[in-house]
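Structure record follows, encoded as structure tokens.
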Amino acid sequence: MQLRPYQEEARRAVEQEWEQGNHKTLLVLPTGCGKTIVFAKIVEDCVREGERVLILAHRGELLDQAADKLEQATGLKCAVEKAEESCLGSWYRVTVGSVQTMMREKRLRQFSPRHFDTIIIDEAHHCISDSYQRVLQHFDAAKVLGVTATPDRGDMKNLGQVFDSLAYEYTLPKAIREGYLSPIKALTVPLRMDLSGVGVQAGDFKVSDLGTALDPYLYQIADEMRKYCMQRKTVVFLPLVKTSRKFRDILQQKGFSAAEVNGESADRAEILTDFDAGKYNVLCNSMLLTEGWDCPSVDCIIVLRPTKVRSLYSQMVGRGTRLCPGKDHLLLLDFLWHTERHELCHPANLICENEEVAQKMTENIEVAGVPVDIEEAEQQAREDVVAQREEALAKQLAEMRRRKRKLVDPLQFEMSIQAEDLSGYVPAFGWEMSPPTEKQLGALEKRGILPDTIDNAGKAAKLLDRLEKRQNAGLTTPKQIRFLEDRGFQHVGTWQFETAKILIDRIAANGWRVPHEIIPSEYKGV
């Protein structure tokens, strides 16, 4: 099987990491980009070197899929380590193993720690769990490759705890641009659903609460789907099996040919086959189809299981990103979830690395009212954010200039009043070294001093004390100093308040110009 260019790059990158001594490395490819094919070719290379390889996964479907793809791509057959089946005694060099089986102490004791030379972990974002760690610790000398489409985890634990390096990452936008995945168009449906009462557990919304919160909106959602999904092949993700079944029934009432699958469905394989063949146009599921199921003709995804976990969101959307004849894009319906938490995943989180850009993109899609290509939306959001930053910066600079025109710099004030004790001040005590308080900064600005460069409470206190004494002594104010020294008068800080006031009044009466008979540099304020 001929690998695509990025797949060949990924294969070489992984093997190079191992050669360089990074024995635990990670490969990230978006859903639909053939990660199983890539690691199958890597397995083939390992077997050619005489190694034994364990392919580890957490679900039977993933093991079967890995075994099938391995045989298709390389001709290699596998032994199985699952339930009653064992690879011990087999002459096959490759084993597909269930982590639930391999993690058991009794099972691990049957294997020498050097039995496997290489371990491939499919859907590696799961591998921080104790079950995977037991297996990896037993075979602690083996090279490890973790393969995933979604490298972040909902519990926020860092995969860096397990892996030494990231060998290769192929991003969703790049895969779309290079024609290996379907373009995605996002549409925000103007239906507000209240999630404010939903609790949080293990870093994400409580599934039980979500089902209850979603129930009142199911009929309205079905009505919205009639506008966009009647001619599409749609997969709907819901939080609970009972919610999934209820929604299937509602969709059937609304004229859809809808089916439902869950982990207990005896006829699951038949339903999935019929959906693939077009017997149904909507498939409801309670998070069953997030991994290990491919149906390229899916051209609409509806996420009714709101989540804060980007990896989970990406897995759901990934069920519709594969290419298929006659499919020009994937339609992704987004909803206006009302929640006090702002970290809810939206289409922008598939493509945006910057949170500010993601928020702007979400806002733009919300007001668009029509399906928007997510790459174009991301580009527009980036431009909008840059424009907003430039506008905010211009306003900030204008405000700073306005403030500076009104206020006198502390150093100018100190030089003007010839206060060496202020200009040479060094804080000595703890309270003096602490940052100035908001109250101190506000008082300085109110009295005409620009507070931006005052970096300790002691200096702020000394300045305020000096300003108070100067006021009581009838000496010039900072604003008088700024006005007159800007016009060339010197050491205005040593003048009396009334002297400065009389001079400013004369300048004002002369159209805010210094009278001709007055030479500012020679003027003595006495």
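Of the possible donor and acceptor atoms, none in the side chain of Asp334 sits under 3.5 Å from a partner among the backbone N and O of Val189. Using a distance-only test at 3.5 Å, with no hydrogens or angles considered, no donor-acceptor pair links the side chain of Thr95 to the main chain of Gly97. Put simply, the side chain of Thr25 gets close to the backbone of Ser165: a donor and an acceptor are under 3.5 Å apart. Here the side chain of Glu260 pairs no donor or acceptor atom with the backbone of Leu283 at under 3.5 angstrom. Under a 3.5 Å cut-off, the side chain of Arg226 and the backbone N or O of Lys254 do form a donor-acceptor pair. No donor-acceptor pair closer than 3.5 Å links the side chain of Gln220 to the backbone N or O of Tyr217. The backbone N or O of Met230 lies less than 3.5 Å from a partner atom in the side chain of Asn281, making a donor-acceptor pair. Here the side chain of Arg319 pairs no donor or acceptor atom with the backbone of Cys295 at under 3.5 angstrom. Judged by distance alone, with hydrogens and angles left aside, the side-chain atoms of Ser257 form a donor-acceptor pair with the main-chain N or O of Lys279 at under 3.5 Å. Remark: side-chain polar atoms of Ser286 are paired, donor with acceptor, to backbone N or O of Pro239 under 3.5 angstrom.
Side-chain contact between Asp294 and Gln65 is present, with at least one heavy-atom pair separated by less than 4.5 Å. Side-chain contact between Asp215 and Lys246 is present, with heavy atoms from C-beta onward closer than 4.5 Å. Side-chain atoms of Arg322 and Thr31, non-hydrogen and from C-beta on, do get closer than 4.5 Å to each other. Within the 4.5 Å cutoff, the side chain of Asp209 has no heavy atoms near those of the Gln201 side chain. Within the 4.5 Å cutoff, the side chain of Thr234 has no heavy atoms near those of the Tyr280 side chain. Looking at Cys46 and Trp18, their side chains come closer than 4.5 Å, going by heavy atoms from C-beta outward. Side chains of Phe39 and Ile55 form a contact here, defined as non-hydrogen atoms less than 4.5 Å apart. In this structure, the side chains of His329 and Asp373 stay at 4.5 Å or more apart for every pair of heavy atoms.
There is no side-chain donor-acceptor pair under 3.5 Å between Gln380 and Glu376. Side-chain contact check for Arg382 and Gln379: at least one donor-acceptor pair (N or O, by modelled atom type) lies under 3.5 Å.
Considering Arg232, Lys327, Lys233 as possible partners of Asp299, the one that fulfils the salt bridge (charged side-chain N to carboxylate O under 4.0 Å, His left out) test is Arg232. With His58 as reference, Val99 is the one residue of Ile121, Asp122, Val99 to meet the side chain to side chain contact (heavy atoms under 4.5 Å, CB included) rule.
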Q.
Under the criterion salt bridge (Lys or Arg N to Asp or Glu O under 4.0 Å), I'd like the reasoning laid out for Lys35 against Glu123: C-alpha separation, chi angles, the key distance, then a yes or no.
A. CA-CA 10 Å; Lys35 59 187 174 63; Glu123 305 295 351; 3.3 Å; yes
Q.
Could you walk me through whether Leu288 and Trp293 satisfy the side-chain contact (heavy atoms from CB on, under 4.5 Å) test, starting with their C-alpha distance in whole Å, then the side-chain angles of each, then the deciding distance to 0.1 Å, before giving a yes or no?
A. CA-CA 9 Å; Leu288 176 70; Trp293 174 71; over 6 Å; no
Q: Step by step, work out the side-chain contact (heavy atoms from CB on, under 4.5 Å) result for Tyr168 and Leu29.
A: CA-CA 8 Å; Tyr168 188 83; Leu29 295 178; 4.2 Å; yes
Q. After noting the C-alpha distance and the side-chain angles of Val135 and Leu56, does the key distance pass the side-chain contact (heavy atoms from CB on, under 4.5 Å) rule?
A. CA-CA 9 Å; Val135 178; Leu56 203 56; 3.9 Å; yes
**Q.** Pair Ile271-Asp267, side-chain contact (heavy atoms from CB on, under 4.5 Å): steps then yes or no
**A.** CA-CA 6 Å; Ile271 291 173; Asp267 55 350; 3.5 Å; yes
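Minimum heavy-atom separation, Pro436 to Ala460: CB-CB, 4.1 Å. Across all their heavy atoms, Cys78 and Val96 have their closest contact at SG-CG1, 4.0 Å. Scanning all heavy atoms of the two residues, the minimum distance from Ser208 to Leu240 falls at O-CD1, 4.2 Å. Nearest heavy-atom pair across Glu445 and Leu407 is O-CD2, 3.6 Å. Closest of all the heavy-atom pairs between Arg389 and Asn354 is NH2-ND2, 3.9 Å. When every heavy atom of Ser98 is checked against every heavy atom of Lys82, the shortest pair comes out as CB-CG, 3.9 Å.
Between Arg305 and Asp204 there is a salt bridge, since a side-chain N of the basic residue sits under 4.0 Å from a carboxylate O of the acidic one. A salt bridge does not link Lys143 with Glu19: every distance from a Lys NZ or Arg NE/NH1/NH2 to an Asp or Glu carboxylate oxygen is 4.0 Å or more. Salt-bridge annotation for Glu356 and Lys360: absent, with no side-chain N of the basic residue lying under 4.0 Å from a carboxylate O of the acidic one.
Of the inter-residue distances, the one linking Asn364 atom CG with Thr188 atom OG1 reads 10.0 Å to the nearest 0.5 angstrom. We find the CG-CG distance between Leu76 and Leu70 to be 5.0 Å, quoted to the nearest 0.5 Å. Here Phe335 contributes atom CZ and Leu187 contributes atom CG; the two are 9.0 Å apart, rounded to the nearest 0.5 Å. Interatomic distance, CD1 of Ile119 versus NE2 of His23, reported as 13.0 Å (0.5 Å rounding). The line from NE2 of His346 to CE of Met361 is 11.0 Å long, rounded to the nearest 0.5 Å. Within the model, atoms CE of Met316 and SG of Cys345 stand 8.0 Å from one another, a figure rounded to the nearest 0.5 Å.
Within 6.0 Å of CZ on Arg192 lie no more than 12 heavy atoms contributed by other residues, nucleotides or ligands.
Screening residues 172-183 for salt bridge (charged side-chain N to carboxylate O under 4.0 Å, His left out) gives Arg177-Glu375 as the qualifying pairs, with residues at least two apart or on separate chains.
Legend: residues meeting side chain to side chain contact (heavy atoms under 4.5 Å, CB included) with Asp249, ordered by chain and number and at least two apart, are Gln252. Under the side chain to side chain contact (heavy atoms under 4.5 Å, CB included) criterion, Asp455 pairs with no residue, sequence neighbours left out.
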